[in-house]
Amino acid sequence: MIVTYAAYIYTLLMFTVIIFQFCLTIGLPWGAASMGGKFPGKYPPKMRVASFMNMLILSFMAAIVLSKAGLILDAFKSEASFAIWFVLGFSFLAAILNIITRSKIERKIWAPVSVAQLICVLIIAFDL
């Protein structure tokens with residue numbers, strides 16, 4: 001049961017991150033809260049493309065989590081059981097980078113989100 005809750009929490013948090021990436025993609029001036037604040041204001045065109053690609057990757061990661069938790073795509077559960085380790089590694093790296101970033105706003109907003117996602121993925125990966 002806790003795996004199910006962890007998957008839902010992870011997905012809700014991931015949806016928030018995807019919406020944020022979408023906002024960067026369409027040109028909202030929130031660059032100070034991403035990439036260590038390297039691109040304050042609106043992202044340049046190449047970074048907008050990168051944000052769009054991030055949205056796709058993050059959506060795929062959410063699908064892996066939901067599949068591993070047995071909530072969607074049962075036919076791919078064995079593949080998700082392998083891919084969850086990629087999601088775990090990504091989540092660990094994201095948490096570290098969001099904790100050590102020089103951007104105060106990024107640290108305040110995204111560090112707690114990424115740590116919560118890491119905890120959720122740990123629960124799901126180890127089927128606790």
Practice prompt. Specify the closest pair of heavy atoms between Glu106 and Gly36, including all atoms of both residues, with the distance to one decimal.
Written response: OE1-N, 2.7 Å

Discussion item. Working to the nearest 0.5 angstrom, can you tell me the gap between Ile84 CD1 and Asp127 CG?
Written reply: 10.5 Å

Worksheet item: So Lys108 and Ile105, side chain to side chain contact (heavy atoms under 4.5 Å, CB included) or not? Walk me through it.
Response: CA-CA 5 Å; Lys108 286 181 181 181; Ile105 190 168; 5.7 Å; no

Fill in: Separation of Gln21 CD from Met53 CE (nearest 0.5 Å)
12.0 Å

Discussion item. Any non-hydrogen side-chain atom of Ile123 less than 4.5 Å from a side-chain atom of Val3?
Written reply: yes

Item to complete: Given side chain to side chain contact (heavy atoms under 4.5 Å, CB included), test Thr25 with Asn54 step by step and report yes or no.
Response: CA-CA 10 Å; Thr25 299; Asn54 281 342; over 6 Å; no

Discussion item. In terms of relative ring orientation, are Phe20 and Trp110 parallel, tilted or perpendicular, with 30° and 60° separating the classes?
Written reply: tilted

Can I get a per-line list of side-chain donor-acceptor pairs under 3.5 Å for residues 58-81, giving both atom names and the distance, sequence neighbours left out?
from	atom 1	to	atom 2	distance (Å)
Ser59	OG	Met55	O	2.8
Ser67	OG	Leu73	O	3.2
Ser81	OG	Lys77	O	2.9

Discussion item. Do Ile19 and Ile26 sit in one hydrophobic cluster, given that two such residues count as connected whenever their side-chain heavy atoms are within less than 4.5 Å of each other, even indirectly?
Written reply: no

Worksheet item: Got more than 12 heavy atoms from elsewhere within 6.0 Å of CE, Met35?
Response: no

Practice prompt. Please answer: with hydrophobic residues joined when any side-chain heavy atoms are less than 4.5 Å apart, are Phe15 and Val87 in the same cluster?
Written response: no

Item to complete: Would you check if Val17 and Leu13 make a side-chain contact, meaning some heavy-atom pair closer than 4.5 Å?
Response: no

Worksheet item: Any idea which heavy atoms bring Tyr43 and Ser34 closest together, and the distance?
Response: OH-OG, 2.7 Å

Worksheet item: Looking only at heavy atoms, what is the nearest atom pair of Asn98 and Arg107, with distance?
Response: O-CG, 3.3 Å

Discussion item. Checking Thr11 against Tyr8 for the side chain to side chain contact (heavy atoms under 4.5 Å, CB included) test, could you report, in this order, the C-alpha distance in whole Å, the side-chain angles of both residues, the deciding distance, and whether it holds?
Written reply: CA-CA 5 Å; Thr11 303; Tyr8 284 136; 5.7 Å; no

Practice prompt. Compare every heavy atom of Ile9 with every heavy atom of Cys120, then report the nearest pair and how far apart it is.
Written response: SG-CG2, 3.6 Å

Discussion item. Students often mix this up, so state it plainly: with edges at 30° and 60°, are the rings of Phe86 and Phe90 parallel, tilted or perpendicular?
Written reply: tilted

Worksheet item: Under a 4.5 Å side-chain heavy-atom rule over Ile, Leu, Val, Met, Phe, Trp and Tyr, are Leu12 and Leu122 clustered together?
Response: no

Discussion item. Under the criterion side chain to side chain contact (heavy atoms under 4.5 Å, CB included), I'd like the reasoning laid out for Leu88 against Leu118: C-alpha separation, chi angles, the key distance, then a yes or no.
Written reply: CA-CA 7 Å; Leu88 180 62; Leu118 175 60; 3.8 Å; yes

Discussion item. For Met47, is there any backbone N or O sitting under 3.5 Å from a side-chain donor or acceptor partner on Ser51?
Written reply: yes

Worksheet item: Going only through I, L, V, M, F, W and Y residues with side-chain contacts under 4.5 Å, is there a path from Val113 to Tyr5?
Response: no

Discussion item. Please determine whether the number of non-hydrogen atoms from other residues, nucleotides or ligands lying under 6.0 Å from atom CD1 of Ile2 exceeds 12.
Written reply: no

Worksheet item: Under a 4.5 Å side-chain heavy-atom rule over Ile, Leu, Val, Met, Phe, Trp and Tyr, are Tyr10 and Phe126 clustered together?
Response: yes

Worksheet item: Hey, are the side chains of Val115 and Ile99 touching, using non-hydrogen atoms and a 4.5 Å cut-off?
Response: yes

